Each structure stands twice: as structure tokens, then as C-alpha cells.
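Structure first, commentary second.
So that the names make sense, note that chain A is the first sequence line, chain B the second, and so on, each numbered from 1. Values below: every heavy atom of this structure, side chains too, minus hydrogens, waters and symmetry copies. Computed from a predicted model, the values in this text were never measured in an experiment.
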Amino acid sequence: MNAVEIEEAVSDLVLQPFDAAEFPFQFITAFGAKKATVDRLRKGDTNQSDVGGVLQRNNIHIGIAPAGEVAETLARLRASPKTASAKAKFLIATDGETVEAEDLIGGDVVACAYADLPRHFAMFLPLAGISTVKEIKNNPIDVKATGRLNKLYVELLKDNPDWATEDRRHELNQFMARLIFCFFAEDTGIFREHQFTETITQMSHAAHGSGEEQWGNTHEVLTELFRAMDTPVTHEGNLDPRYRQAANIRPYADAFPYVNGGLFTGAVDAPRFSRTARAYLLRAGELDWKEINPDIFGSMIQAVAEDDERGELGMHYTSVPNILKVLNPLFLDDLREQLEAAGDSKQKLRNLRKRLGNIRVFDPACGSGNFLVIAYKQMRAIEAEIVTRLGGEASLKLAERRSAIPLSNFYGIEIKGFAAEVARLALLIAEFQADCLYLSQQEARAMVLPLHKTGQITIGNALRLDWLEVCPPVGATLAEEVDLAGPTGRLALEDNGLDEGGRVETYICGNPPYAGYNKQSSSQKEDLAHVFSPLIKRWGNLDYVAGWFANAARYLDHTGGGAAFVSTNTISQGGQVPVLWPLILSLRQQIGFAHTSFKWSNLAAHNAGITVIIVGIRPVSAAPAILFEEGPEGTTVRRIDNINGYLAPARDIFVKPSSVAVSNLAKMNFGNHPYYAADLILSQQEARALVIEDSRVAAFLRPYYGSTEVIYGTPRICIWVNDADAEQAAAIPTLQRRFDSVRADRVAKPDDSSASALVSFPYRFRDQVESKQYFIAVPQTSSENRPYLPCDLIAAPAVVSFKCFAIHDAPLWNLALVASRLHWVWIGAVCARLEMRFSYSNTLGWNTFPVPKLTEQDKADLTRTAENILLAREAHFPATIADLYDPDAMPDDLRRAHEENDEVLERIFIGRRFRNDTERLERLFDLYTKMTANAGTKGMATKKSKVA
DNA sequence: AATCCGACACCCG
DNA sequence: CGGGTGTCGGATT
């Protein structure tokens with residue numbers, strides 16, 4: 001359940017007659033408890049209450065109070081030893097009249113009428129596994145508003161199928177935006193209080209009957225109201241039909257002011273309202289909209305249109321803390337520093353205010369405008385401090401009191417019409433609220449109508465549009481835009497004396513969509529081709545988000561300023577790094593700041609499973625770069641010379657995949673890829689059953705190792721048939737059946753040429769590589785929490801799957817390298833990761849691993865330390881690698897064996913142990929650079945992706 | 001002809 | 001039911 005559904009469930013609960021026996025179960029059900037959980041609690045199996053209530057372990061202790069003894073009951077719950085021992089997070093007591101509750105972790109306390117419980121539902125959200133964040137806790141209004149609008153939207157679409165078409169969808173979006181504005185206006189004094197909802201209640205009648213009559217007249221009333229808001233109030237005797245008198249506006253509508261500002265121009269129709277839709281409309285109007293939080297509301301409201309929107313672009317809402325991680329280092333911190341430096345100097349303060357008015361914020365994936373709204377609010381806060389230091393509003397001329405920050409400085413690109421509409425509106429609301437806060441409600445109201453120019457949101461595909469046209473780099477444009485606002489709009493710059501010589505700064509920000517190369521749709525691939533094909537030859541492995549970085553770099557190359565996005569961390573890893581970041585450098589941009597990988601989270605019920613980074617780019621400069629390193633202990637900040645494409649504090653280096661090792665290492669093979677040969681892979685039970693069925697099968701079975709099998713020491717079994725034995729194997733019916741099935745799977749992929757080519761070889765995997773005696777196995781994916789990479793020595797005839805790399809029949813000192821801390825550091829730095837997991841690669845990690853030339857003595861030493869590692873493991877038989885390398889429980893002898901191994905290897909590198917991993921990585925980067933500098937003579941097989 | 005990566009997928013405590 | 005940890009497919013070089 002998400003927060004919206006929970007709010008509805010709690011609201012429904014308190015509307016029903018109070019049932020003392022059932023309330024505890026109804027309550028936890030409202031927060032998403034499963035039926036089985038509730039049944040067990042009801043039966044008493046899991047109910048741990050010792051005071052006659054209901055106690056759900058790790059969650060809540062609920063007490064039903066005798067009438068009038070709610071406080072006493074809560075005290076009993078609090079005093080109950082079981083409350084603590086069962087780790088209850090919440091207490092709640094009620095008699096059906098009043099409710100008292102306590103959040104034992106957060107410390108919040110609530111006492112209210114039973115019927116008001118829904119107003120406090122957010123406090124209990126942890127019960128549903130939703131961690132509360134300040135925004136939602138303080139503003140259940142946003143959740144309610146979203147739920148009600150969502151229902152209205154769906155209902156309107158159902159009743160007005162003709163509005164579901166491509167063209168009219170825009171009209172419906174605009175219609176919804178108008179409604180939101182009107183709700184907001186009637187609760188904030190822009191209209192008379194409740195004027196809009198009351199007018200609809202009185203003037204429209206609910207639908208009834210059939211035929212046309214079944215729709216009632218709600219749509220006609222709304223059309224008339226909106227027509228009035230689009231018609232200026234007349235001057236006496238003026239018969240121009242554009243004005244009210246001549247336009248024949250009905251009296252009930254004439255009471256509304258002229259709003260316009262683009263919001264009410266265009267289509268005049270309203271959709272038809274069924275009885276249900278009208279009810280939803282009025283219920284939405286009942287909410288107190290002045291508390292709306294435009295930054296989070298906008299994102300939540302996107303859910304309104306979500307079900308029916310085809311694309312998923314811009315759907316992922318960025319939390320406010322994460323937005324600030326982008327905006328603060330991008331430009332807000334600098335403004336604050338300048339404010340600090342200005343002290344009380346009037347001249348400096350005026351200059352800073354002038355600068356604020358010349359800053360443009362541009363979000364080329366703006367969705368409903370979160371980043372723009374937060375940026376606006378932060379800038380207004382800074383401006384307010386300037387005004388205070390200038391002596392407060394009272395000392396300023398009227399013209400100077402008004403904000404110097406025009407909404408028209410806020411630019412966006414958004415592919416979805418509804419979101420764009422919400423973004424424009426959210427900015428207007430943010431401005432109105434800022435005016436209320438920093439000027440006065442009265443002035444804010446006086447200035448808001450008619451609506452003036454808002455953010456300039458272009459509807460379209462950000463990878464197809466020319467950003468220089470969407471947000472033109474010309475300084476003159478700015479003044480022009482502001483003039484358009486007219487006398488009632490934002491203050492023209494000249495009035496404040498703010499324009500002269502003002503340099504326009506543009507900051508690009510946002511959270512664009514992510515899609516890895518093997519998840520991209522064909523149109524997304526075309527988008528990337530459009531961006532990258534003029535720039536570089538090979539771009540096919542880039543994530544969709546890389547298109548935004550490339551466009552931003554090109555834009556900044558024309559305008560200066562800066563750009564920062566939240567991004568999937570994959571663009572700073574593995575094969576994407578040597579493609580994307582040399583291009584950014586060639587466009588004369590560099591990384592100015594970055595946050596290293598952290599887990600994505602927001603208020604959504606189901607968070608996207610993704611790990612993200614934040615990267616800011618800027619024109620190349622000598623200024624220090626700022627690296628925010630995210631660790632388990634929190635975030636550390638470093639000012640350093642350079643941040644490279646791996647987000648490492650080191651000079652620019654690009655490790656390209658290589659098919660041959662740059663050092664003198666043994667060859668490491670990619671594992672055997674089945675390619676639609678699932679029926680050749682068996683569990684140990686299946687394999688036994690097969691042998692029982694026909695003992696001849698045994699000759700064709702091999703232990704089969706992927707990542708899991710190596711780490712847990714338990715192989716699966718595969719059917720392994722060499723070409724020479726194919727006929728003999730096919731003569732065994734139980735094998736033949738499996739071969740038929742493999743053939744069918746491959747035939748079913750006619751478009752996959754690799755699969756087609758294998759149709760005639762259904763008895764084997766695509767690859768068939770095996771060892772003579774043994775191999776060193778290196779799992780493809782493994783946890784990042786172990787202090788060393790997992791690897792093992794495994795005897796033939798076992799084989800590896802494509803989830804495991806193998807060095808066949810090679811000297812053991814190779815294992816010493818794989819198992820070294822240096823290799824752990826290198827793989828972690830230059831290979832891709834799955835989230836944070838290690839994702840091993842032979843081409844990116846093994847073949848590129850820089851190692852000084854090893855003498856025979858070195859090799860002998862490393863062979864010995866490798867043997868010691870294996871011996872130490874054996875001493876703990878049958879412990880698995882997972883057991884042995886548990887970061888909290890690694891046996892001392894094994895740890896010593898690794899220390900010794902590292903000691904020997906690191907002496908070969910620098911004659912002593914490295915101090916830490918940072919020093920290791922620096923040395924590895926240096927050595928790699930040296931070793932690949934004269935690659936031509938070494939026969940390196942790198943292919944350079946040429947930068948145009 | 002071989003490999004990279006997942007706005008993930010799944011498993012087990 | 002969510003933190004911990006690696007499958008499997010299929011586009012790409």
C-alpha cells in the first residue's frame with residue numbers, strides 16, 4: 001500500500017461505527033497488514049499484549065479503553081514490559097471518542113478526536129514500511145489532494161472517452177491545472193474564501209436520469225467560470241466583446257476576477273461530470289489547499305496521470321534532500337558564501353541581489369518542476385536575507401521590495417503535457433507563497449492576478465530539442481522576457497537598476513531518466529544516436545542518461561555556467577567511463593563536484609532498485625573540485641584537484657577494455673555461455689535422477705560452477721557433450737529429450753543470429769572451454785562487503801558457467817594476484833558494479849591490471865603465499881568462501897595468509913606495504929598509465945573511441 | 001566471437 | 001517483508 005491508499009483506508013475506518021473488538025485489527029489492516037498476519041493476531045498466536053490489548057511484535061501496541069479512560073489506557077500500554085520486549089514502535093489507545101497515541105521512536109504524541117485520526121495517519125506510516133520524511137509528515141494534505149485528484153482524473157477519462165485522444169489529452173491536463181489553481185486560489189485569498197467550490201455546489205446540479213440529462217450541468221458551470229477568468233473586467237461602456245459586459249458573462253461567474261496568464265486561454269470546454277465525478281470534485285475542493293507544498297505536491301500529482309501515460313519518462317520523483325545535493329554545490333552554496341562575504345555592505349548586497357535576478361535555472365527533464373521550485377524557494381530565501389540586511393522591507397522603495405527573481409528565469413523541458421502544466425502552476429504557487437512569506441499576504445494577493453509569466457516549460461523530448469533554443473544563451477533575451485510580463489508582472493529589471501552589465505548565469509539541473517543499453521527502446525536508441533553520432537563513433541554501451549550529460553556539456557561550451565544531474569552510477573563505472581568522460585573533456589568541461597554512489601530512496605511505496613550518483617560538470621577551470629564520498633558513516637567532503645570519470649580523486653584516466661593482458665598474466669577466459677541451453681543445466685538432485693533413469697548419462701555430466709557455486713562451494717551439474725560424442729549422447733533417450741528442448745528454444749529466436757547458429761548443436765553450450773587439470777575460478781558477481789575478492793582453485797573435469805571467469809591450468813601465482821587487496825581495489829575502481837556489488841570482468845579488470853615485471857623469485861614467493869591462502873582455508877573445511885570471508889568473522893590464520901600475500905605483492909610494487917586503498921589506487925592508475933603509454937609496442941588490443 | 005549490465009531480481013532469515 | 005547478494009538474457013562490439 002502506498003501513502004495515498006493508507007490515508008483513504010484510515011479515513012474509511014473512522015467513518016464506520018466504532019467496534020471496540022475489531023478496531024485493532026482494522027487499524028493494522030489499514031496500514032497494509034496481510035490477512036494472515038491479522039488472523040494470527042486475532043487468534044492470539046502472535047498477540048503479545050499483557051494488558052488485554054493487541055500487540056504486534058516490532059510494530060504497535062493497541063489498547064481499547066473504557067469510555068473516558070483513554071489517557072490511563074495509554075499509560076498502561078507505556079508501562080507494559082511487553083511493549084519494550086516486543087519492540088513496539090507505536091502505542092495507541094482509544095475508546096471510540098478520543099484517541100491518544102505515541103511514537104516511541106520519534107517521540108511524537110497525538111491526542112485527538114477519534115474522527116480526526118486520519119489527520120495524523122502520517123505518523124504511523126512506518127507501520128507500512130514507509131519511512132516518514134518531514135515533507136509528508138507535515139503535509140498529509142499533499143497525499144489527500146493527490147488521491148482525490150487521481151480519482152477525479154480517472155473518472156473524467158471514463159466518462160469522456162473522447163478526451164482520451166492525443167489532442168484532447170492536453171486539454172484535460174490544462175483543465176486539471178485550472179481546477180488546482182482555483183482550489184488554491186479560494187483557500188489563499190486570491191478568490192473570496194471558498195468561492196469556487198461554493199459556486200459549483202450552488203450552481204451545478206448532480207447528474208441524474210439518462211441521455212444528456214445524466215451528465216447534469218457541472219461542465220457548463222465550469223466552462224462559464226473559466227470563461228470569466230479569461231475575460232478582463234470591462235471599463236464602463238466598453239462594448240469590446242473581449243471584455244465582460246459584452247461577453248455576456250453570467251452574474252455568478254462575473255464575481256470571479258480576471259486570471260488568465262495563459263492558464264485560461266485556449267480551449268473553453270469542460271468535460272462532462274457524472275454524479276461520482278462531481279462528488280470527487282467537491283471533495284477535492286473541501287481540502288485546505290493553501291498548505292500545499294508545490295515541490296512535493298507536483299511530483300505526487302504526476303501519479304494522477306500515470307496509469308494511462310505510455311512513457312515512463314520523468315516518473316521518478318527526487319526527494320528534497322537529493323535535490324539539494326544537486327543544487328547546493330551547483331550554485332546555491334556559492335550564493336550563500338557571497339552573502340556571507342557581503343556582510344552589511346550595501347553595495348555588495350545590491351550586487352548580489354542583481355546577480356540573483358540574472359540567474360537562470362534550467363531543468364531539461366523537469367517533470368512537474370521539483371528542481372525548479374526548490375531552486376526558486378532557496379533563491380527567494382537568500383534574497384530575503386539580503387533585503388533584511390539592506391534594512392528590511394520598510395526601508396525600501398515599493399519597487400525594491402518586490403522580488404528581483406522572475407519566474408521567467410526558470411526553464412524546463414518535459415515530455416509529458418500534464419507534468420509540464422503542473423510545473424508551470426507549481427512555480428506560480430511557489431512564488432505566491434514566497435511573496436506571502438517575505439512581503440505580506442496582502443501584497444502577494446495584489447500582485448498575483450492576472451497571472452503573469454511563469455516558468456518557461458517546453459514540452460518535448462530533451463534529446464531531440466536544441467537546448468540553445470529552449471533556453472537561449474543571449475543576454476538580451478532576459479530583459480525582453482521580463483518586459484513581456486507587463487506592468488503587473490514581475491518587476492522589470494530596470495526598475496530595480498538590476499540589469500546593467502548583469503551577466504546571465506545558467507545552471508542546468510535535474511534527474512533525467514535512466515536506461516541501460518540493453519533495456520533501451522528503439523526510440524531511445526534513436527534519441528542517443530541523435531545526440532552522440534555527431535560526436536563519437538561508439539556510444540552503444542552508454543546509459544540513456546548520458547544523453548543529458550552530453551547535451552549539457554555542449555550547452556555549457558556555449559554559455560558557461562554549470563550542470564548537475566542525479567544519475568545512475570553506471571555511467572561512472574566500467575566500459576561507459578572511457579566512452580562518456582573523454583567526450584565531456586573534449587567539449588572543454590570537467591567534473592566540478594560529485595556525490596559517490598548511494599542508494600536511491602524517496603517516499604514511494606516501492607522504491608526503484610537503483611544506486612545513484614550526482615555529478616556536476618563545469619567549464620574546465622583551476623578551481624578545486626568537491627568530492628562528496630558516501631559511506632556507511634555518513635558523507636565526507638573533500639576539496640581536491642581533480643575528480644575523474646570513475647569519481648575517484650585522481651587525475652583523468654580511462655581504462656579501456658583489452659582482449660590481451662597489459663601485464664604478463666595468464667589468460668583469463670569468460671565462462672561457458674549456455675545461450676538457450678537451460679535444459680543442459682541440472683541441480684544435483686535432477687542429475688541423480690537422470691543417472692538412475694539411465695546410467696550411461698553419468699559419462700556426460702560435469703560439476704558446473706557459476707558465482708554462487710564457487711562462493712558456496714556447491715556446484716550444479718551440467719550435461720557436457722563434445723562434438724565427437726554427440727551421436728553417442730543422442731542415443732540416450734533422456735538426453736535426446738533435453739537436446740530437442742534446447743533446439744526448440746534456439747529455433748524460437750530466429751532474429752538472434754547467435755541462437756540460430758547453435759540450432760544444430762543442441763547438445764552443448766555456445767562455448768565449450770575446459771581445463772586439463774584445474775582452473776582458478778573468479779566469480780562474476782559478488783558482494784562488496786568481503787575484504788578480498790572470492791576465488792578458488794577447482795579441479796577438472798568441472799567447468800565454469802558464464803557467471804564465472806576461469807584461468808585454465810596456469811601457475812598458482814595468478815591466484816595470488818586475484819586474491820590480493822590491490823586487485824580488490826582495482827576491480828572496485830574500474831569494473832562495472834551491480835548496484836554496489838563487484839562485477840568482475842576479464843577485459844576491463846584482469847587484462848588491464850597493472851603489475852610490475854615479476855621475477856622468477858617473485859613468482860615463487862607469490863606461489864607460496866597463494867598456497868598458504870588455500871591451506872589456511874582448508875584448515876577450516878568445510879567452511880565455504882562465504883563463511884571464510886564474512887567481513888566480521890574472517891579466521892585469523894586466513895587473514896594472516898592474506899596479509900602475507902599482500903606484503904609480498906606490495907613490496908614488488910613499492911618496496912613496502914601501501915598505507916591505504918587510496919594510495920593503492922593512485923599507484924595502480926599511475927602504473928596503468930605508464931604501461932599503456934607505449935602500448936603500440938606491447939601489442940595492446942585497445943580500440944580507441946575517437947572523439948570528434 | 002565474446003562480453004557487459006540491469007530506475008534489478010530474488011532468496012532467505 | 002526487506003536487506004543482502006548474485007541469475008540470466010540479449011544487445012553490442
Side-chain angles (χ1 to χ4, degrees), chain A residues 1 32-34 36-37 58-59 127-131 312-318 511-522 525 537-545 566-571 573-576 579 599-602 604-612 656-659 668-678 681 706-712 716 745 749 751-755 757-758 766-767 769 779-786 790 801-805 831-847 882 886-887 941-943 945:
Chain A
M1 281 174 93
K34 287 193 169 11
T37 311
N58 291 325
N59 274 319
L127 290 177
I130 300 173
S131 55
E312 289 119 28
L313 299 186
M315 270 310 174
H316 297 81
Y317 146 58
T318 316
N511 176 14
Y514 323 144
Y517 74 87
N518 51 5
K519 305 254 175 159
Q520 287 159 13
S521 69
S522 52
K525 285 189 199 303
K537 279 190 180 156
R538 302 181 184 283
W539 45 268
N541 67 343
L542 291 177
D543 192 281
Y544 194 48
V545 74
V566 184
S567 164
T568 169
N569 63 354
T570 57
I571 63 161
Q573 297 168 356
Q576 295 193 50
V579 178
K599 214 161 176 45
W600 172 266
S601 75
N602 61 17
H606 298 289
N607 267 334
I610 178 75
T611 300
V612 292
K656 300 187 184 76
S658 168
S659 56
M668 181 184 286
N669 277 315
F670 189 79
N672 298 297
H673 201 302
Y675 233 86
Y676 303 104
I681 302 166
S707 298
T708 314
E709 290 78 15
V710 172
I711 291 168
Y712 295 93
R716 282 184 286 175
D745 289 348
K749 298 282 173 183
D751 296 338
D752 185 331
S753 59
S754 303
L758 289 164
R766 185 191 66 188
D767 313 310
V769 181
Q780 195 268 329
T781 314
S782 66
S783 168
E784 75 278 23
N785 294 323
R786 301 187 182 104
S801 86
F802 70 138
K803 295 286 88 188
C804 190
F805 296 89
C831 284
R833 289 176 181 242
L834 205 180
E835 296 279 301
M836 296 295 279
R837 297 331 132 269
F838 287 109
S839 184
Y840 200 92
S841 157
N842 53 351
T843 58
L844 276 166
W846 178 253
N847 291 344
D886 180 334
T942 56
K943 287 173 194 150
S945 49

* Have a look at A:Ser839 and say if it touches a base, only the backbone sugar-phosphate, or nothing, with a 4.0 Å heavy-atom cut-off. => nothing
* Structure fact -> Regarding the side chain of A:Glu835, the nearest nucleotide among B:dC8, C:dG6, C:dG10 is B:dC8
* Asked: When all nucleic acid strands are considered with a 4.0 Å heavy-atom cut-off, which category describes A:Asn541: base, sugar-phosphate, or nothing?
  -> sugar-phosphate
* A:Asn569: partners by side chain to side chain donor-acceptor pair (under 3.5 Å), with sequence neighbours left out -> A:Ser597
* Asked: A:Arg837: what forms a salt bridge (charged side-chain N to carboxylate O under 4.0 Å, His left out) with it, not counting sequence neighbours?
  -> A:Glu784
* To do: Scan A:Asn785 against the nucleic acid and name what it touches under 4.0 Å (heavy atoms): base, sugar-phosphate only, or nothing.
  => sugar-phosphate
Listed pairs, N/O of protein and of nucleotides 10-13 of chain B, under 3.5 Å:
none

* What nucleic acid atoms does A:Asn669 come within less than 4.0 Å of, heavy atoms only: base, sugar-phosphate, or nothing? -> nothing
* Please list, chain by chain and in numerical order, all residues satisfying side chain to side chain donor-acceptor pair (under 3.5 Å) with A:Gln573, sequence neighbours excluded. => none
* Go through the structure and list residues passing salt bridge (charged side-chain N to carboxylate O under 4.0 Å, His left out) with A:Arg766, not counting sequence neighbours. => none
* Structure fact -> Every stem of 3 or more Watson-Crick or G-U pairs under 3.5 Å that DNA chain C joins, in order of first number, is B:1-6 with C:8-13, B:8-13 with C:1-6
* Hey, do the aromatic rings of A:Phe805 and A:Phe670 have their centres closer than 6.0 Å? -> yes
* Pairwise C1' distance, B:dA7 and C:dT13 [rounded to whole Å] -> 25 Å
